Each structure stands twice: as structure tokens, then as C-alpha cells.
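A quick note: this is a predicted structure, and the numbers were derived from the prediction, not measured. Note: hydrogens, waters and symmetry copies are ignored here, and every other heavy atom, side chains too, is used.
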Amino acid sequence: MQREIIRRRKLHEEVAARLESLIHSGQFAVGSKLPSERDLMGRFGVGRPAVREALLALERMGLVAISSGERARVTKPTPEVLVGQLAGAARNLLSQPEGIRHFQEARLFFETGLARLAAEHADTADIAALRQALTANRAALGDMPAFERTDVAFHYELALISRNPIFTALHQAMVEWLTRQRTVSLRGDGVDRLAYRSHRRICEAVAAGAPDRAEAAMRQHLLEVADHYWKNVEGDT
């Protein structure tokens with residue numbers, strides 16, 4: 001028989017798990033306040049440190065909000081909170097030798113999927129918003145800070161078409177995590193025009209309802225972005 005190791009939970013982890021269960025069961029509804037620290041200590045038979053650590057753990061999970069001098073209040077987790085918990089790990093991975101390449105691959109996988117989804121589901125209003133973002137991107141040619149902002153805005157419009165808040169939260173996180181890549185990859189004469197042309201091809205494919213073409217255009221775009229990044233990085237060394 002295979003041996004199975006059972007990890008003994010720390011006291012504050014047990015308290016956090018029980019409170020989480022009570023929140024999920026509806027005994028503590030969203031917007032309501034949890035019992036005081038003293039009441040929780042009595043309820044679970046633990047000391048104040050265990051209760052405070054448990055509440056901090058629940059706060060990191062987006063399940064409670066803690067304000068100085070007030071009882072913790074139950075909150076509704078959001079995709080932004082969920083993705084935000086990955087920020088520290090993401091920065092650590094990006095600092096490692098292969099971190100950037102791994103994130104480039106992840107972005108390629110993620111955004112080609114978004115492009116395909118957009119082409120499959122975009123309605124008239126979505127296409128109008130995407131074209132408006134493309135027009136702003138074109139107007140920013142030659143002004144690199146403005147072009148970077150409109151570049152991000154164009155890709156964000158694609159994420160919005162998904163109607164999935166987890167996708168938009170992931171997109172925003174990717175933007176933050178890969179800020180340096182975007183800045184470095186856009187260095188060089190004509191690179192902004194190349195990026196704009198890629199955006200235009202993606203927009204046209206989405207507007208035409210052509211998923212394969214949208215996915216292929218996004219793939220080519222992101223591979224070009226990665227290629228420019230590594231060429232510029234190698235030129236700096």
C-alpha cells in the first residue's frame with residue numbers, strides 16, 4: 001500500500017479554513033461583519049495571534065476586508081484579487097534566466113486564444129470599439145509613450161470581447177508583468193508601424209468573423225514582438 005503523508009495544519013490555517021467554510025455556507029454573508037477577535041478566540045479556543053493570522057489569510061484571498069479598529073467585513077472575491085495573488089511569484093519568475101521566455105510563451109497561448117474568441121463572438125459594438133482603439137493606435141505613431149498606451153488599449157479591447165472577467169484580469173496582469181518587454185520591443189525605427197499593421201490585420205480578421213485568420217495574425221504579431229525584444233536585448237549587451 002502506498003504511503004500517504006498528511007500534513008498537520010497550523011492553528012491559524014485551521015481557523016482560516018473554518019471561517020472560509022462559514023462564509024461559503026452563507027452563515028457570514030457578503031457585506032456583513034465577522035465576530036470580534038475576542039469572540040472568534042472564544043469560539044475556536046485559540047489565541048489572538050492565530051485569529052489575526054487567519055483574518056490576514058482571508059484578506060489575501062479576497063474574502064474579507066480589514067480596517068483598523070473595526071471588525072473584519074466579508075467581501076466578494078474578484079478576478080483581480082485572484083490574479084493579483086500571483087504578482088509576487090510572477091516577478092520572481094521574470095527575474096530568472098528563462099522567465100521572460102516562459103511568459104512570452106504564456107502570452108502567445110493566451111492572446112491567440114483571445115483573438116480567436118473575439119472573431120467568433122464579437123458583435124457590432126465590439127467591432128466598433130476595436131476599430132476605435134485601432135484608430136487611436138494609428139494616431140499615436142511616432143509618439144512612443146502614446147503608442148505604448150494605445151497598444152495596451154487595443155489588446156484590452158480584444159480581452160473585453162470575451163465577456164470573461166478572469167480573462168480581462170489576466171490581460172491586465174500580463175500588461176504589468178511584461179511592461180519591460182513592451183518598452184524594449186518597441187525600440188527601433190518603424191517598429192511601431194509594424195505593430196500597428198499587425199493590429200490592423202487582427203482587427204480586420206475579427207471584424208470579418210474569421211477565427212483562424214485572427215489567431216494567425218495574433219501569433220505572427222506576438223512572435224515579431226518577442227523577436228524584436230531579444231534583438232534589442234542582445235544589442236544592449
* Asked: Under 4.5 Å between side-chain heavy atoms, hopping through other hydrophobics if needed: is there a path connecting V175 to I161?
  -> no
* Answer with yes or no whether the hydrophobic clustering places I127 together with Y156; edges join I, L, V, M, F, W, Y residues whose side-chain heavy atoms lie under 4.5 Å apart. => no
* Asked: Is a donor on one side and an acceptor on the other found under 3.5 Å between the side chain of D192 and the backbone of G142?
  -> yes
* Verify side-chain contact (heavy atoms from CB on, under 4.5 Å) between F44 and L19, making sure each step is shown before the conclusion. => CA-CA 10 Å; F44 298 120; L19 284 172; 3.9 Å; yes
* By side-chain hydrogen bond (donor to acceptor under 3.5 Å, both in side chains) - contacts of N164 (at least two apart) -> none
* Rounded distance (nearest 0.5 Å) linking atom CG of L63 with atom NE2 of H24 -> 5.5 Å
* Structure fact -> Here the pair of heavy atoms bringing A118 nearest to V206 is O-CG1, 3.8 Å
* Asked: For the residue pair L117 and S162, what are the closest heavy atoms and their distance?
  -> CD2-CB, 3.6 Å
* NZ/NE/NH1/NH2 to OD/OE distance under 4.0 Å, R163 and D123 -> yes
* Rounded to the nearest 0.5 Å, what separation is found between the CZ atom of F154 and the OH atom of Y196? -> 9.5 Å
* Would you say V51 and L11 are hydrophobically clustered, going by side-chain heavy atoms of ILVMFWY under 4.5 Å? -> yes
* Asked: Taking the side chain as C-beta and beyond, is there a heavy-atom pair between H12 and P49 under 4.5 Å?
  -> no
* **Interatomic distance, S198 atom OG to E224 atom CD [nearest 0.5 angstrom]** => 4.5 Å
* **Sequence-distant partners of Y229, side-chain hydrogen bond (donor to acceptor under 3.5 Å, both in side chains), two or more places apart** => R180
* **Candidate pair I202 and R213, rule side-chain contact (heavy atoms from CB on, under 4.5 Å), full reasoning** => CA-CA 8 Å; I202 295 166; R213 187 148 54 95; over 6 Å; no
* Rounded to the nearest 0.5 Å, what separation is found between the CE atom of M218 and the CG atom of L158? -> 5.0 Å
* Closest approach of V15 to A54 (non-hydrogen atoms, all atoms of both residues) -> CG1-CB, 3.6 Å
* Shortest non-hydrogen separation from A195 to L186 and the atoms involved -> CB-CD2, 4.4 Å
* H221 side, atom NE2; R200 side, atom CZ - distance, nearest 0.5 Å -> 13.5 Å
* Asked: Is atom CZ of R48 surrounded by more than 12 heavy atoms (other residues, nucleotides or ligands) closer than 6.0 Å?
  -> yes
* To do: State whether the side chain of T112 and the backbone N or O of L108 hold a donor-acceptor pair below 3.5 Å, judged by distance alone.
  => yes
* Asked: Are K231 and D227 close enough for a salt bridge, meaning some N to O gap below 4.0 Å?
  -> yes
* To do: Compare all side-chain heavy atoms of L130 with those of L160 and state whether any distance is below 4.5 angstrom.
  => no
* To do: Could you please spell out the steps behind the side-chain contact (heavy atoms from CB on, under 4.5 Å) verdict for R73 and V30?
  => CA-CA 8 Å; R73 179 173 50 82; V30 173; over 6 Å; no
* Go through the steps for H228 and V191 under the test side-chain contact (heavy atoms from CB on, under 4.5 Å), then give the verdict. => CA-CA 8 Å; H228 282 294; V191 176; 4.2 Å; yes
* Structure fact -> For A119 and A205, the nearest pair of non-hydrogen atoms, with its separation, is CB-O, 4.2 Å
* Exam field: side chain E13 to backbone K10, donor-acceptor pair closer than 3.5 Å -> yes
* Structure fact -> So OG1 of T150 and CD of Q132: to nearest 0.5 Å the spacing works out to 12.5 Å
* To do: Report, as yes or no, whether the 6.0 Å neighbourhood of atom CZ on R71 holds more than 12 heavy atoms from other residues, nucleotides or ligands.
  => yes
* **Side chains of Q220 and R201 in contact at under 4.5 Å (non-hydrogen atoms)** => yes
* Determine, using the 4.5 Å side-chain heavy-atom cutoff (strictly less than), whether L222 and V152 are members of one ILVMFWY cluster. => no
* Working for salt bridge (Lys or Arg N to Asp or Glu O under 4.0 Å), residues E105 and R101 -> CA-CA 6 Å; E105 290 176 359; R101 293 189 189 277; over 6 Å; no
* Asked: How about W230 and I100: do any of their side-chain heavy atoms sit closer than 4.5 Å?
  -> yes
* Asked: Has the side chain of S67 got a donor or acceptor atom that lies under 3.5 Å from a matching backbone atom of E70?
  -> no
* To do: Using modelled atom types only, decide if a donor and an acceptor are shared between the side chain of N232 and the backbone of V184 within a distance under 3.5 Å.
  => yes
* **Path from V46 to I66 over hydrophobic side-chain contacts below 4.5 Å** => yes
* Could I get the full list of side-chain hydrogen bond (donor to acceptor under 3.5 Å, both in side chains) partners for R138, not counting sequence neighbours? => none
* Asked: Considering all heavy atoms of both residues, which atom of A129 and which atom of E157 are nearest to each other, and what is their separation?
  -> CB-OE1, 3.5 Å
* Please state whether the rings of H155 and H171 are parallel, tilted or perpendicular, taking 30° and 60° as the class boundaries. => parallel
